[in-house]
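This report refers to the structure that appears directly beneath it.
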Amino acid sequence: MLTFEQKQAIIESFPELTKKEISLKRLNYHFEDSLYEKTIVVEKLHPNGNGFVYVGDLLKYEKLANDKGLVNIRDFDKIQLKEIIRDAIEYLSEEVDVLIEEEWISKSGTVLKLVHDQRNWDIYYQNNLEETFGTREAAVEYLTEEGFTQKK
């Protein structure tokens with residue numbers, strides 16, 4: 001486990017974050033250029049090594065995040081900590097109104113739509129949501145395994 005000082009050094013290596021001291025010797029790190037109301041990337045970093053990173057609804061972290069979109073970083077190593085902070089900053093920097101739609105077809109003629117909307121890659125059959133993925137690669141792998149090819 002990284003020490004408080006090691007975590008602090010890693011977090012402070014991101015120049016886009018601003019440190020703010022809060023109660024009980026804890027620290028918050030804000031991303032002032034966030035496109036959203038949420039600006040705190042690292043919350044309540046405590047001298048005991050506990051702390052949280054905001055990842056919102058990123059599917060990559062769905063198994064780690066609590067219902068507020070926070071991941072406890074107490075046991076993270078250097079690589080994991082850098083990656084989650086980078087992902088959080090990207091998440092708060094990303095415009096999400098871009099809509100991408102692709103049609104995929106099976107050999108039997110069934111058509112599915114792959115839709116990128118609000119950070120997720122969703123697969124629809126007619127108007128019904130069938131599956132949701134955090135990356136296009138994961139969605140394409142699923143479609144390919146199920147025998148679908150992208151419609152030209």
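Counting heavy atoms from C-beta outward, Arg86 and Lys82 have side chains that approach closer than 4.5 Å. Glu103 has its side chain out of reach of Leu112: every pair of non-hydrogen atoms, C-beta onward, lies at least 4.5 Å apart. Contact check for Leu45 versus Phe4: side-chain heavy atoms found under the 4.5 Å cut-off. At a threshold of 4.5 Å between non-hydrogen side-chain atoms, the residues Leu114 and Asp122 do not count as touching. Side-chain atoms of Asn50 and Asn72, non-hydrogen and from C-beta on, do get closer than 4.5 Å to each other. Using a 4.5 Å cut-off on side-chain heavy atoms (C-beta onward), Gln80 and Asp77 make contact. Side-chain contact between Arg74 and Asn48 is present, with at least one heavy-atom pair separated by less than 4.5 Å.
Tyr61 places no side-chain N or O within 3.5 Å of a backbone atom of Leu70 that could act as its donor or acceptor partner. For the pair Thr110 (side chain) and Ser106 (backbone), a donor-acceptor distance under 3.5 Å is absent.
Atom NE2 of His46 sits about 9.5 Å away from atom CD1 of Ile22, to the nearest 0.5 Å. In this structure, the separation between NZ on Lys113 and CG on Asn128 is 13.0 Å, given to the nearest 0.5 Å. Here Ser34 contributes atom OG and Glu94 contributes atom CD; the two are 12.0 Å apart, rounded to the nearest 0.5 Å. Atom CD of Glu102 sits about 10.5 Å away from atom NE2 of His116, to the nearest 0.5 Å. For the atom pair CD1 of Ile84 and CD1 of Ile10, the computed distance is 12.5 Å after rounding to the nearest 0.5 Å. Here Lys78 contributes atom NZ and Lys7 contributes atom NZ; the two are 14.5 Å apart, rounded to the nearest 0.5 Å.
Looking at every heavy atom in both residues, Glu12 comes nearest to Tyr29 through OE2-OH, 2.7 Å. Scanning all heavy atoms of the two residues, the minimum distance from Ile123 to Ala139 falls at CD1-O, 4.2 Å. What you find for Met1 and Gln6 is that their closest heavy atoms are O-OE1, 4.4 Å. Heavy-atom minimum distance, Leu92 versus Tyr54: CD2-CE2, 4.0 Å. Across Val53 and Val42, no two heavy atoms sit closer than the pair CG2-CG2, 4.1 Å. Closest heavy-atom contact between Leu58 and Asp87: CD1-O, 4.0 Å.
Under the 4.5 Å side-chain heavy-atom criterion for Ile, Leu, Val, Met, Phe, Trp and Tyr, Ile79 and Val71 are members of distinct hydrophobic clusters. Grouping the Ile, Leu, Val, Met, Phe, Trp and Tyr side chains by contacts below 4.5 angstrom, directly or via other members, places Ile73 apart from Leu24. Hydrophobic clustering places Leu129 together with Val115 (ILVMFWY residues linked when any side-chain heavy atoms are closer than 4.5 Å, directly or through intermediates). Note on Tyr36 and Ile40: separate hydrophobic clusters, where clusters join Ile, Leu, Val, Met, Phe, Trp and Tyr whose side-chain heavy atoms are under 4.5 Å apart, directly or indirectly. Linking ILVMFWY residues whenever their side-chain heavy atoms come closer than 4.5 Å, directly or via other members, leaves Ile105 and Leu143 in distinct clusters.
The 12-atom threshold is not exceeded at CD of Glu21, counting heavy atoms of other residues, nucleotides or ligands nearer than 6.0 Å. At most 12 heavy atoms of other shown residues, nucleotides or ligands fall within 6.0 angstrom of atom NZ in Lys44.
Between the side chains of Thr39 and His30, a donor-acceptor pair is found at a separation under 3.5 Å.
Under 4.0 Å is where a charged nitrogen must lie from a carboxylate oxygen, and between Lys20 and Glu43 no such pair does.
For the ring pair (Phe, Tyr, Trp, His ring centres under 6.0 Å) test with Tyr142, the passing option among Phe133, Phe148, Trp121 is Phe133; the others fail.
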Under the salt bridge (charged side-chain N to carboxylate O under 4.0 Å, His left out) criterion, do Glu83 and Lys60 qualify, and how do the steps go?
CA-CA 11 Å; Glu83 182 178 0; Lys60 178 177 181 179; 2.5 Å; yes
